[in-house]
Amino acid sequence: MKKISLGFLFFFCVMVFPPHSHAQSPFGGLNLFMFPCTCSSGYTVRYFYPLFLGTAVPVSGFLTMRPTPTKFLNYYLHPGAWALGFYTPGVPECQMYYGATCGPYPLTLGVITPMTGTSP
Amino acid sequence: MRVSFRLLLVALLVFCYASPASASAVFTANLSLGSRGAQVILLQQILNRDPDTRIVSTGPGSPGKETTYFGPLTRNAVIRFQEKYVNDVLTPVGLAQGNGYVGFYTRTKLNTLSTVTMSTENVSSPTTTPAPNASPASAEYVVQENERIDIYTGDKMIANVQQKILATINAAIASKGTQIEMPVITLADVPSVTVGELSPRSGVPGAHVSIAGNGVASNSVVYLGSNYIVRTVSADFFGNFSFVIPPIPPARYDVMIRTGNAVSNTVVFVVSSPLNPFVHLQSVSPATIAYGDTLTITGSGFSLQNNTVVTSYQTFKNIPSADGKTLTIQFTPESLQESVKIGNGTQMIPMSLYVVNDYGFSDSEKSFTMSL
């Protein structure tokens, strides 16, 4: 029931508060995993499922999160929390260390815009 | 004068804290070997409060792990209890030795003790783990046999999903980013009820707690550990759910929410007492560690046992602190096990940690860095 509500809320946000930048898109989802981008200090990659990216049908995927204030590292978007906010699609900001060099982590769908909140 | 005022304040707090437990008799039925039910949990809690009558130190029946079954260990503890209070329990019926049967006089003594205030040990020795069974809860909040479930079912589901996700990340790293494979996860793999956080994260019995989560409904019930339950959640105008902390012993609880047969992940809530010491973090050293290094945390208000240290990528449970001021952990997050194999020591991962125990959450987080 709450998932349906989240879907409706998602569409409501898109309709009433269209993204002010064309680069940003709304998303909502359950954060299940956090992993450090080992070549981008402070960056983390988060896996969401279900993940709503503009349709009512949930998908799954990774989004990159930029460094957040340290005091929130454990509380902000921790695994088990629902997130609702905006992201910028297609930006490969998460760099991983691959042994000799660093390179982009290929599975990320984009970068979460700061101030993303947890969903009640 | 100031000292007297403080004493008066402490006495008032102790009195207020003890009052709910003294409202009514707790033990209303005779109990003996083979008995089952909520009153057996309460019996074991009272027996475990006293080292002389403690059922067992570890495992089922030990402090914090009381059960609904009256077995041989409970019977032995009851015998020790009866012989400790021989004048009140055995002499009136002409016995000199305990028999393990909880009859009228044993129940009367248990009911008397259940109204006694919290041990003053916590005032004089702040590093002592607060008696988790200081005052038995009303049977209304005790999990019944038919309600007993594994409260960690949702956590296990999420852990399984996390393993799948980690496998794909490790595969991508091992193939230098060329092996792109998304983990296959379905809705059946994740709990349909999830709890993001509780607000506040600690409070005394009677406190209202808001639930930030998904799948919570008016018919949801809240488990506090495996033994206590709140059967009523209420919703406000906006559909946000909350519940009231019941009169249960002060301690750290893993909280799970069940809606129908769906079980959520757990989050921590501390039922606090005014007598609890303040959990303070002072320092974390060294400031930069490598995988497998030992991290030393200093502060105050750490309990003798059962401290939990939550770091960004690894949670450590049941960490002891002999002096109440120091904790040590060996940092080996499973999620970074593969990354560290290819690391060159120059990649720095910022991390932070906090501590939670039976007294409460630490007053702050401390930062440190891990080099890969």
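Fair warning: this is a prediction, and the values are worked out from it, not measured in the lab. We name chains A, B, ... by the order of the sequence lines, and we start the count at 1 in each one.
Minimum heavy-atom separation, Gly99(A) to Ile342(B): N-CD1, 3.8 Å. Here the shortest heavy-atom pairing between Tyr49(A) and Leu187(B) reads OH-N, 2.9 Å. Listed here is the closest heavy atom pair of Ser41(A) and Met348(B): OG-O, 3.5 Å. Scanning all heavy atoms of the two residues, the minimum distance from Tyr105(A) to Ala172(B) falls at CE1-CB, 3.7 Å.
Contacts of Ser335(B) with chain A are made by both backbone and side-chain atoms, with heavy-atom separations under 4.5 Å. Contact annotation for Ile185(B): both backbone and side-chain heavy atoms come within less than 4.5 Å of a heavy atom of chain A. For a residue to count as touching a neighbouring chain, one of its non-hydrogen atoms must lie under 4.5 Å from one of that chain's; by this rule Phe35(A) touches chain B with backbone and side chain alike. Looking at Pro183(B), both its backbone and its side chain come within 4.5 Å of chain A, counting heavy atoms on both sides. Of the atoms belonging to Ile158(B), it is side-chain heavy atoms, and not backbone ones, that fall under 4.5 Å from chain A.
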Ile169(B)/Tyr47(A) under side-chain contact (heavy atoms from CB on, under 4.5 Å): CA gap, chis, key distance, verdict: CA-CA 10 Å; Ile169(B) 292 176; Tyr47(A) 180 83; over 6 Å; no
Derivation and outcome, side-chain contact (heavy atoms from CB on, under 4.5 Å), residues Ser312(B) and Met34(A): CA-CA 9 Å; Ser312(B) 306; Met34(A) 174 174 91; 4.2 Å; yes
side-chain contact (heavy atoms from CB on, under 4.5 Å) evaluation trace for Tyr313(B) with Thr44(A): CA-CA 11 Å; Tyr313(B) 296 98; Thr44(A) 53; 3.2 Å; yes
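Of the inter-residue distances, the one linking Leu336(B) atom CG with Thr38(A) atom OG1 reads 9.0 Å to the nearest 0.5 angstrom.
The candidate with the highest count of non-hydrogen atom pairs below 4.5 Å against chain B, out of Gly103(A), Pro106(A), Pro36(A), is Pro36(A).
Other residues, nucleotides and ligands contribute over 12 non-hydrogen atoms within 6.0 Å of the CG atom of Asp236(B).
Using a 4.5 Å heavy-atom cutoff, the side chains of Asn214(B) and Leu30(A) are not in contact.
For His280(B), the side chain to side chain contact (heavy atoms under 4.5 Å, CB included) partners are Phe278(B), Gln282(B), Ser300(B), Asp363(B), not counting sequence neighbours.
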Side-chain donor-acceptor contacts of residues 161-168 of chain B below 3.5 Å, not counting sequence neighbours, with atom names and distances?
| unit_1 | atom_1 | unit_2 | atom_2 | d |
| --- | --- | --- | --- | --- |
| Gln162(B) | NE2 | Leu32(A) | O | 2.8 |
| Gln163(B) | NE2 | Glu334(B) | OE1 | 3.4 |
| Gln163(B) | NE2 | Glu334(B) | OE2 | 3.2 |
| Thr168(B) | OG1 | Ile165(B) | O | 2.7 |

